[in-house]
Amino acid sequence: MADDLYGALGVSRTADQKEIRRAYREKARKFHPDVNKTPGAEETFKRISEAHDVLSDPETRAQYDRFGENFRQYAAADAAHSASGPRRGGGTRYTRGGTGAQNVNWEDLFGGGFGGFGGFGRGVDHSAELELTVEEAYRGGKRTVQIGSPFGGAREYVIDIPAGALDGQRLRIPGAGGAGADGQDGDLLVTLRVKDSKRYRLDGANIETDLPIAPWEAALGADVNMPTPGGSVTVHVPPGSSTGRRLRLRGQGMPRRGQPGDLYARVKVVVPPTLTKKEKELFEKLRDVSSFDARRGS
């Protein structure tokens with residue numbers, strides 16, 4: 001079928017691993033959110049990433065060839081039929097980012113049990129989501145995640161968050177999924193969710209932030225210091241900048257191996273909450289001599 005995993009990569013069902021890797025690299029370069037901003041490109045990128053994850057592993061590929069898109073459900077159903085023990089439950093899929101240990105719980109993928117044991121040799125893969133701020137995604141670094149067991153206790157894994165991680169990016173923790181009948185455990189696939197912080201907003205590989213400036217800086221222009229996830233930078237505010245004007249800082253967005261993202265500073269004119277006597281006199285004088293009408297043409 002055209003929309004199955006083989007079709008997503010554009011390869012035949014007899015394709016070898018070399019063909020699968022080559023097809024994935026070509027399509028990943030074409031649909032990566034960094035280079036392709038067309039609607040649907042990000043979903044296509046996720047689909048081909050999923051196809052590569054499944055088809056590049058001989059075990060999961062064999063299961064997929066046998067059962068199709070729902071191969072994980074069949075493995076989980078077989079496990080539930082043959083395994084004994086307490087009922088296995090799920091949990092929330094989200095966890096906060098941080099430098100300390102974090103609990104990563106996941107909802108059952110198949111709507112009924114934990115899906116722990118794969119009945120065809122290799123354990124089934126599980127998925128979870130890890131929430132990061134823009135600043136955490138920018139810096140990257142190691143995170144310790146704590147995987148709760150449905151039978152009690154927990155295991156800890158250290159994962160590397162790449163600097164410049166993007167929303168929707170997936171990381172694999174080998175052996176942290178469901179236990180396999182032959183001892184080969186499945187993997188845990190961690191999807192990164194980058195959330196806007198109080199200061200920064202993420203748009204693909206670009207970062208947006210507000211730049212508060214005084215009325216005289218907006219009118220006369222100024223060079224002002226502004227914090228960014230990578231450190232403080234100096235921004236040139238052109239004369240006559242009104243609230244909403246976007247100033248582009250090339251290469252100051254999310255770090256990437258190829259072309260880094262940009263940072264966009266959105267001007268926000270802020271007036272003094274209270275005025276000194278002298279300030280009030282100067283503003284009144286400006287009002288009296290200026291012919292500027294802020295509502296003209298609006």
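Throughout, residue positions are numbered sequentially from 1 according to the sequence presented.
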Peer 1: Identify whether NZ of Lys or CZ of Arg in R248 sits under 6.0 Å from the centre of the six-membered ring of Y264 and within 45° of that ring's axis.
Peer 2: no
Peer 1: Side chains of E19 and D16: closer than 4.5 Å at any heavy-atom pair?
Peer 2: yes
Peer 1: Under a single-linkage definition using a 4.5 Å side-chain heavy-atom cutoff for Ile, Leu, Val, Met, Phe, Trp and Tyr, are L55 and Y24 assigned to the same hydrophobic cluster?
Peer 2: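 Same hydrophobic cluster.
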Peer 1: Do N206 side-chain atoms and D262 backbone N/O form a donor-acceptor pair below 3.5 Å?
Peer 2: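 Looks like yes, one N/O pair under 3.5 Å.
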Peer 1: Compare every heavy atom of I207 with every heavy atom of P229, then report the nearest pair and how far apart it is.
Peer 2: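 Closest heavy-atom pair between P229 and I207: CG-CD1, 3.9 Å.
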Peer 1: Can you check whether A214's main-chain N or O pairs, donor with acceptor, with E217's side chain at less than 3.5 Å?
Peer 2: yes
Peer 1: With a 6.0 Å cut-off (strictly less than), is the heavy-atom count around CZ of R287, excluding the residue itself, greater than 12?
Peer 2: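 Correct, the count exceeds 12.
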Peer 1: Which heavy atom in V269 sits nearest to a heavy atom in A218, and how many Å separate them?
Peer 2: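 Closest approach of V269 to A218: CG2-CB, 3.8 Å.
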Peer 1: Could you tell me whether the side chain of I161 reaches within less than 4.5 Å of the side chain of L192, counting heavy atoms only?
Peer 2: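 In contact.
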Peer 1: If you measure only the distance, is there a donor-acceptor pair under 3.5 Å linking the side chains of D210 and Y200?
Peer 2: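 Absent: no donor and acceptor within the cut-off.
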Peer 1: Under 3.5 Å, is there a donor-acceptor pair between the T191 and Q169 side chains?
Peer 2: no
Peer 1: Within the 3.5 Å criterion, strictly below it, is a donor on N225 or T234 matched to an acceptor on the partner's side chain?
Peer 2: yes
Peer 1: Tell me whether R256 contacts the main-chain N or O of G164 through its side chain, where contact means a donor paired with an acceptor under 3.5 Å.
Peer 2: yes
Peer 1: Charged N to carboxylate O below 4.0 Å: is that the case for E131 and R193?
Peer 2: no
Peer 1: May I ask you to check whether R13 and Y64 show a side-chain donor-acceptor distance below 3.5 Å?
Peer 2: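 No, because no side-chain N or O of R13 sits under 3.5 Å from a partner of the opposite role on Y64.
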Peer 1: Charged N to carboxylate O under 4.0 angstrom, E42 versus K46?
Peer 2: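 Result for this pair is yes, salt bridge flagged.
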Peer 1: Would you say the side-chain atoms of S241 pair up with the backbone N or O of V237, donor to acceptor, closer than 3.5 Å?
Peer 2: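 Checking the backbone N and O of V237 against the side chain of S241, no donor-acceptor pair under 3.5 Å is found.
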Peer 1: If every non-hydrogen atom of D160 is compared with every non-hydrogen atom of L171, which pair is closest and at what distance?
Peer 2: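 In terms of heavy atoms, the two residues are closest at O-CD1, 3.6 Å.
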Peer 1: State, yes or no, whether a side-chain contact exists between D65 and Y6 at a heavy-atom distance under 4.5 Å.
Peer 2: yes
Peer 1: Any sub-3.5 Å donor-acceptor pair from Q63's side-chain atoms to T60's backbone N or O?
Peer 2: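 Here the side-chain-to-backbone pair does not exist.
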Peer 1: Quick one: closest heavy-atom pair of M226 and L249, and the distance?
Peer 2: CE-CD2, 4.3 Å
Peer 1: Assess whether side chain to side chain contact (heavy atoms under 4.5 Å, CB included) is satisfied between H32 and N36, documenting all intermediate values.
Peer 2: CA-CA 6 Å; H32 196 284; N36 193 328; over 6 Å; no
Peer 1: Tell me whether L189 shares a hydrophobic cluster with L9, the cluster being built from Ile, Leu, Val, Met, Phe, Trp, Tyr side chains joined at under 4.5 Å.
Peer 2: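 They do not share one cluster, since no chain of ILVMFWY contacts under 4.5 Å joins L189 to L9.
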Peer 1: Can a salt bridge be assigned to the pair D196 and R201 using a cut-off of 4.0 Å between side-chain N and carboxylate O?
Peer 2: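 No, this pair does not count.
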Peer 1: Any chain of hydrophobic side-chain contacts (each under 4.5 Å) joining L202 to L130?
Peer 2: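 No, it is not one cluster - the side chains of L202 and L130 are not joined through contacts under 4.5 Å.
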Peer 1: Transitively linked via ILVMFWY side-chain contacts under 4.5 Å: F45 with L5?
Peer 2: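 Yes.
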Peer 1: Are the charged groups of R170 and E50 less than 4.0 angstrom apart, N to O?
Peer 2: no
Peer 1: What are the two closest heavy atoms between A205 and K37, and how far apart are they?
Peer 2: N-NZ, 4.3 Å
Peer 1: What pair of heavy atoms forms the shortest contact from Y138 to M254, and how long is it?
Peer 2: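 Residues Y138 and M254, closest heavy atoms: N-CE, 3.7 Å.
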Peer 1: Please say yes or no: joined through hydrophobic side-chain contacts below 4.5 Å, possibly via intermediate residues, are L220 and I213 part of one cluster?
Peer 2: no
Peer 1: Report yes or no: does S232 contribute a side-chain atom to a donor-acceptor pair with the main-chain N or O of P227 at less than 3.5 Å?
Peer 2: no
